[in-house]
S.K.: 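Got a structure for you, questions after.
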Amino acid sequence: MGASVRGRRNVDETLLDDAAALQENDPGGMLRATASAGAQVRESAALAAEANLTSLLDEGRPRAVVIAGVGTAGRTGDVLATVAGPRCPVPVIAHRSAGVPGWVGAADVVIAVSASGRSPEALGAADAAARRGARLVAVGAPDSMLQSVAERARAPFIAVPRRAPARASLWALTVPVLMAARALGLVKVNEADLAETATRLDADADRSRPTAESFVNPAKSLAMALAGSVPIVWGSSPLATVAARRFADTLSANARYPVVAGALGEAGRGRVGLLDGVFGGLVESARDIFADPGEESDATRLRVVLLRDGGLGTEEDADEPVAVEERRADAVQTLAERRGVRCDVVTAEGGSSLERLASLVAIPDFASVYLALAHGLDPMAVPAVTEMKELSNP
């Protein structure tokens with residue numbers, strides 16, 4: 001094991017109900033950063049309002065919108081696509097590699113996103129957009145390389161102070177992207193939606209606070225349910241699928257867990273077969289149902305996390321009828337139950353697609369941090385990521 005890697009194979013459940021120990025094991029303050037999600041929405045909305053985004057419509061509706069970035073920055077493009085919905089009048093494309101797609105030109109808009117303002121992918125995209133005459137919007141840290149590129153291109157730049165690692169800054173980066181799309185007439189996110197989303201995130205942060213004991217803390221409970229398992233996270237709708245992939249991101253980065261994540265519709269065409277596999281039905285069939293929980297085999301098992309949306313009742317704006325999504329979600333819960341595979345369900349709440357997405361993201365975000373802390377891992381420091389950057393950068 002590398003000298004910079006620390007932690008333990010098995011979780012310490014008692015640590016989660018010791019607020020002082022949680023603070024001691026979280027020296028970088030990842031729990032505090034995660035709890036700032038509501039504040040991120042409010043701050044970024046104000047910063048976006050100060051930027052000159054009205055000029056984006058001077059040349060009319062774009063042919064397409066490309067959101068360029070990697071990691072959490074790239075996930076903002078997925079959020080925009082799902083909030084805009086299938087009836088969005090132009091394609092919304094999340095681009096996660098350097099530069100921009102070959103077809104991008106003067107008729108298109110490129111939104112370059114980087115929490116640090118220096119990711120090669122966002123910088124390359126901003127530079128390429130400027131060279132090709134595409135309209136450009138940039139989102140990132142103030143006084144960064146990305147801001148310099150935007151200023152040279154005379155493009156709007158939304159300066160978002162970097163108060164936490166990128167993976168804990170989803171909402172700080174997402175809101176400016178949504179505001180730029182609103183200025184282009186592509187989404188109908190209003191101030192009430194933003195306020196309600198921020199309030200939802202605040203409420204879930206309070207429910208998941210370190211001082212709330214595990215039996216009343218949904219994030220701690222979810223973390224313990226996933227401990228030692230191979231998580232499978234499926235979303236019942238496109239919106240819930242974005243949340244599922246976000247949970248996979250945070251479980252991998254914070255808790256270092258391998259995760260299978262995606263859309264339940266896709267899973268039903270193949271990956272649902274995992275429930276019958278060597279970590280699913282096969283290992284569960286050998287379990288003694290009368291054994292004391294403490295005496296159970298330590299075999300690694302699947303744990304399904306199902307993120308259910310349920311929709312807002314606007315069938316014309318959905319990719320497929322909500323009833324179809326709900327039947328599919330019911331079916332996978334039944335399949336898991338028949339095979340003895342545990343299944344946790346998080347159900348969306350809220351009156352807008354943005355608030356519903358927040359309700360599916362907040363608790364899992366906290367759960368990934370608590371799971372890391374229970375394993376003795378520092379969720380803020382990921383040595384392999386640092387070493388990867390050092391080894392791959394010239």
Side-chain angles (χ1 to χ4, degrees), residues 39-69 72-85 88-95 100 104-115 117 122-123 125-130 132-162 169-198 352-354 357:
Q40 291 179 29
V41 171
R42 298 182 185 93
E43 180 181 44
S44 286
L47 293 170
E50 295 172 3
N52 181 24
L53 297 177
T54 56
S55 61
L56 288 174
L57 259 186
D58 290 347
E59 298 175 41
R61 178 177 289 169
R63 177 180 60 178
V65 176
V66 175
I67 300 88
T72 302
R75 196 63 70 201
T76 66
D78 300 331
V79 174
L80 173 57
T82 193
V83 171
C88 181
V90 305
V92 175
I93 299 163
H95 184 70
V100 293
V104 168
D108 306 303
V109 170
V110 173
I111 305 176
V113 186
S114 169
L123 290 170
D127 183 65
R132 297 188 191 187
R135 281 172 279 177
L136 171 67
V137 181
V139 180
D143 302 318
S144 62
M145 296 171 65
L146 185 57
Q147 180 170 3
S148 297
V149 173
E151 289 175 349
R152 287 198 300 271
R154 298 183 179 180
F157 179 77
I158 304 172
V160 179
R162 192 172 189 188
S169 304
L170 174 67
W171 297 100
L173 299 175
T174 294
V175 171
V177 172
L178 293 173
M179 294 299 94
R182 186 177 75 171
L184 291 165
L186 305 183
V187 294
K188 297 180 180 179
V189 176
N190 56 42
E191 280 63 31
D193 295 333
L194 293 170
E196 290 163 2
T197 298
S352 69
S353 57
L354 190 63
L357 178 64

S.K.: Can you name the nearest heavy-atom pair linking Val189 to Met179, along with the distance?
M.R.: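 So the minimum-distance heavy-atom pair works out to CG1-CE, 4.0 Å.
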
S.K.: Within a strict 4.5 Å, meaning less than it, do heavy atoms of the Pro176 and Phe157 side chains meet?
M.R.: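 They are not in side-chain contact.
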
S.K.: Quick check against the 3.5 Å criterion: does Ser144 have a side-chain atom that pairs as donor or acceptor with the backbone of Ala141?
M.R.: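 Side chain of Ser144 to backbone of Ala141: a pair is present.
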
S.K.: Hey, does Ile67 have a side-chain heavy atom less than 4.5 Å from the side chain of Val92?
M.R.: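 Heavy-atom side-chain distance check passes, below 4.5 Å.
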
S.K.: Are the side chains of Leu186 and Val90 in contact, using a 4.5 Å heavy-atom criterion?
M.R.: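 In short, these two side chains touch, coming nearer than 4.5 Å.
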
S.K.: Would you kindly say whether Thr54 and Asn52 are connected by a side-chain donor-acceptor distance under 3.5 Å?
M.R.: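 There is such a pair between these side chains.
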
S.K.: Can you give me the closest heavy-atom contact between Leu136 and Ala155, atom names plus distance?
M.R.: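 Taking every non-hydrogen atom into account, O-CB, 3.2 Å.
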
S.K.: Nearest 0.5 Å please: distance from the CG atom of Leu123 over to the OG atom of Ser148.
M.R.: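 One finds 9.5 Å between CG of Leu123 and OG of Ser148.
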
S.K.: Test your reading of the model: is there a side-chain donor-acceptor pair from Asp108 to the backbone of Ala64, 3.5 Å cut-off?
M.R.: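 Yes, because the side chain of Asp108 sits within donor-acceptor range (under 3.5 Å) of the backbone of Ala64.
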
S.K.: So, for Arg162 and Ala115, which heavy atoms are closest and what is the spacing to 0.1 Å?
M.R.: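 That would be CD-O, 3.8 Å.
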
S.K.: For the CD atom of Glu50 and the CD1 atom of Ile158, what is their distance to the nearest 0.5 Å?
M.R.: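 One gets 10.5 Å once the value is rounded to the nearest 0.5 Å.
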
S.K.: Just verifying a value: how many Å separate Ser44 OG and Leu173 CG, rounded to the nearest 0.5 Å?
M.R.: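 Atom-to-atom, Ser44:OG and Leu173:CG are 7.0 Å apart.
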
S.K.: Side chain of Gln147, backbone of Asp143: donor and acceptor closer than 3.5 Å?
M.R.: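 Yes, because the side chain of Gln147 sits within donor-acceptor range (under 3.5 Å) of the backbone of Asp143.
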
S.K.: Where is the tightest heavy-atom contact between Ala181 and Leu80, given as atom of each residue plus distance?
M.R.: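 Where Ala181 meets Leu80 most closely, the heavy atoms are CB-CD1, 3.4 Å.
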
S.K.: Do the side chains of Trp171 and Thr76 get nearer than 4.5 Å, heavy atoms only?
M.R.: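 No, every pair of side-chain atoms sits at 4.5 Å or beyond.
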
S.K.: I'd like to know whether Arg42 forms a salt bridge (charged side-chain N to carboxylate O under 4.0 Å, His left out) with Glu191, so could you lay out the CA-CA distance, the side-chain angles of the two residues, the decisive distance to 0.1 Å, and finally the verdict.
M.R.: CA-CA 10 Å; Arg42 298 182 185 93; Glu191 280 63 31; over 6 Å; no

S.K.: Looking at every non-hydrogen atom in both residues, tell me the closest pair between Ala94 and Asp78 and how far apart they are.
M.R.: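 Smallest heavy-atom distance, with atoms named: CB-OD1, 3.7 Å.
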
S.K.: Within the 4.5 Å heavy-atom criterion, are Leu47 and Pro161 side-chain neighbours or not?
M.R.: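 Answer yes - side chains close enough.
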
S.K.: Looking at every non-hydrogen atom in both residues, tell me the closest pair between Ala48 and Leu53 and how far apart they are.
M.R.: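 That closest heavy-atom pairing would be O-CD1, 3.7 Å.
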
S.K.: Side chains of Val79 and Val177: does their closest heavy-atom pair fall under 4.5 Å?
M.R.: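 No, too far: nothing below the 4.5 Å cut-off.
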
S.K.: Within a strict 4.5 Å, meaning less than it, do heavy atoms of the Arg135 and Asp58 side chains meet?
M.R.: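 A side-chain contact is absent here, since even the closest heavy-atom pair is not under 4.5 Å.
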
S.K.: Determine yes or no for a side-chain-to-main-chain donor-acceptor pair under 3.5 angstrom, with Arg132 supplying the side chain and Val104 the backbone.
M.R.: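 Yes, because the side chain of Arg132 sits within donor-acceptor range (under 3.5 Å) of the backbone of Val104.
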
S.K.: What distance separates Asn190 CG from Lys188 NZ, expressed to the nearest 0.5 Å?
M.R.: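 The NZ atom of Lys188 is 11.0 Å from CG of Asn190, to the nearest 0.5 Å.
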
S.K.: For a 4.5 angstrom cut-off between non-hydrogen side-chain atoms, does Ile111 reach Val65?
M.R.: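 Yes, close enough: below the 4.5 Å cut-off.
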
